[in-house]
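Below: one structure, written as structure tokens.
From a predicted model like this one, the values you see are computed outputs, not experimental measurements. Position 1 is the first residue of the sequence, and the numbers go up from there.
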Amino acid sequence: MRLSRQSITSLIAALRSDFDHGWETDIEVLVFLYWLAHAASYRVVSMAFDIPKSTVHDIVHRISRAVICILKRVITFPTPDDLEEVGAGFAQLAGSPAFCTVAGAIDGCHIRIKAPASDAPCYFNRKLFHSVQLQAITDHKGKFIDIFVGYPGSVHDARVLKNSPVYTGRLYPPAGKCILGDGGYPCLSAPICLITPYREPVQNPVQARFNAKHAYARNIVERAFGMLKTRWRSIFFKALEVSPAFVPEVVACCAVLHNLCLQNGDIVDAEVVEDPADDPPEPQNTEASAGEDVRDNLAAAVSAPDNCVPALHEHDYL
């Protein structure tokens, strides 16, 4: 099932309602998890559980809708009280206290699908396969705090961001905080504060030092994708043979289960991480406020000495 017993019990408890009775919900959750873990056809799942194929179809769609209903309870932004812990976590990941203002890391992931019957070119991405995109923001522990899934693979990461609710609604991060992204995103201070690394080749050691610290902190979102792919390898390592309209729901279910597993200490080692190659940058959007000044200040803070040089204390200065 790709989940521990404790995680499965937690999922069943989250999905159970006052109107449920007996073992029906438990069995349906196991059928859904088996289908998700193996990405098998309904016929194979039908044979494994000795139930009709049409019933398997109904169960998969019914439980996926139920998991989506608890998505906003499981995938949530940190509370104001939690932001301090998140910032401290990113500062530890980066190895620099200057990153204490970081509230998350953002990246995109391509989910391979079968070429759809219509609009197939729209789903053909730069990596030369058909896909649907998952944009995710994680905290310092690799927990998803926001997801946006469904755009065709040919759409640029920056354009997916600019059409996502977190950007259009200025939902996250809060004022005074920032999120980290790779070079495929624009460096912004508004409508959201998104800090990207300096373009290579860097101009000086300050930029090089900032890029290294930035990469250490941002890598957590790639590790989260790696854990997601390792647990649900049948979903992410072969073309998903479901309707493109159903793909976003399946991927969102995987993200919800990822967070439930982290809450229950059910952690898998990430065998594969997201391709580190950045998308080429989009042309600059003049409507968005550039974040170069914020990045320069953060880079200066990274390179600032923690303590005063001892020699400066050996003399009196007028």
Side-chain angles (χ1 to χ4, degrees), residues 77-107 136-143 145-146 157-158 161 166-167 170-224 273-274 276-278 281 284-285 288-318:
F77 293 124
T79 64
D81 294 336
D82 293 334
L83 283 174
E84 184 176 350
E85 178 186 350
V86 174
F90 276 104
Q92 183 177 6
L93 290 174
S96 171
F99 281 79
C100 65
T101 59
V102 176
I106 187 171
D107 203 358
I137 303 176
T138 67
D139 66 6
H140 62 295
K141 295 180 179 179
K143 175 186 174 183
I145 59 177
D146 181 74
D157 283 355
L161 169 68
V166 73
Y167 182 94
R170 305 184 181 190
L171 301 180
Y172 196 79
K177 301 290 184 178
C178 66
I179 57 177
L180 305 179
D182 63 25
Y185 293 104
C187 189
L188 303 170
S189 61
I192 65 173
C193 189
L194 170 59
I195 304 302
T196 60
Y198 289 99
R199 290 289 173 190
E200 298 289 347
V202 294
Q203 303 299 314
N204 52 58
V206 172
Q207 294 183 0
R209 192 174 296 113
F210 172 80
N211 277 8
K213 301 293 186 182
H214 183 284
Y216 293 148
R218 190 188 61 81
N219 189 53
I220 187 64
V221 66
E222 295 183 358
R223 291 207 298 272
V273 297
E274 181 72 354
D278 298 339
Q284 181 67 31
N285 181 9
S289 176
E292 284 81 1
D293 291 341
V294 177
R295 180 173 61 189
D296 290 342
N297 292 336
L298 186 56
V302 168
S303 293
D306 294 333
N307 300 308
C308 187
V309 178
L312 296 179
H313 296 287
E314 296 176 0
H315 305 280
D316 293 328
Y317 295 91
L318 297 178

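In this structure, I195 and I179 have side chains that are not in contact, with every pair of non-hydrogen atoms separated by 4.5 Å or more. Between D107 and E222, the closest side-chain pair of non-hydrogen atoms falls below 4.5 Å. Put simply, the side chain of T196 does not reach to within 4.5 Å of the side chain of P186, judged on heavy atoms. When side chains are defined from C-beta on, C100 does not count as touching F90, because their heavy atoms never get closer than 4.5 Å. Here the side chains of I192 and P173 are in contact, with some heavy-atom distance below 4.5 Å.
Ring orientation note: the planes of F210 and F99 are close to parallel, at an angle under 30° on the 30°/60° scale.
S189 places a side-chain N or O within 3.5 Å of a backbone atom of A290 that can act as its donor or acceptor partner. Remark: the backbone N or O of A215 is not paired with any side-chain donor or acceptor of N219 at under 3.5 angstrom. Checking side-chain atoms of Y185 against main-chain N and O of I106 turns up no donor-acceptor pair under 3.5 Å. Checked by atom type and distance alone, the side chain of Q92 never pairs as donor or acceptor with a backbone atom of A88 at under 3.5 Å. R223 places no side-chain N or O within donor-acceptor distance of the main-chain N or O of G142, the cut-off being under 3.5 Å.
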Note to self: Using side chain to side chain donor-acceptor pair (under 3.5 Å), reason through D296 and Y198 one step at a time and then give a plain yes or no.
What the structure shows: CA-CA 10 Å; D296 290 342; Y198 289 99; 2.6 Å; yes
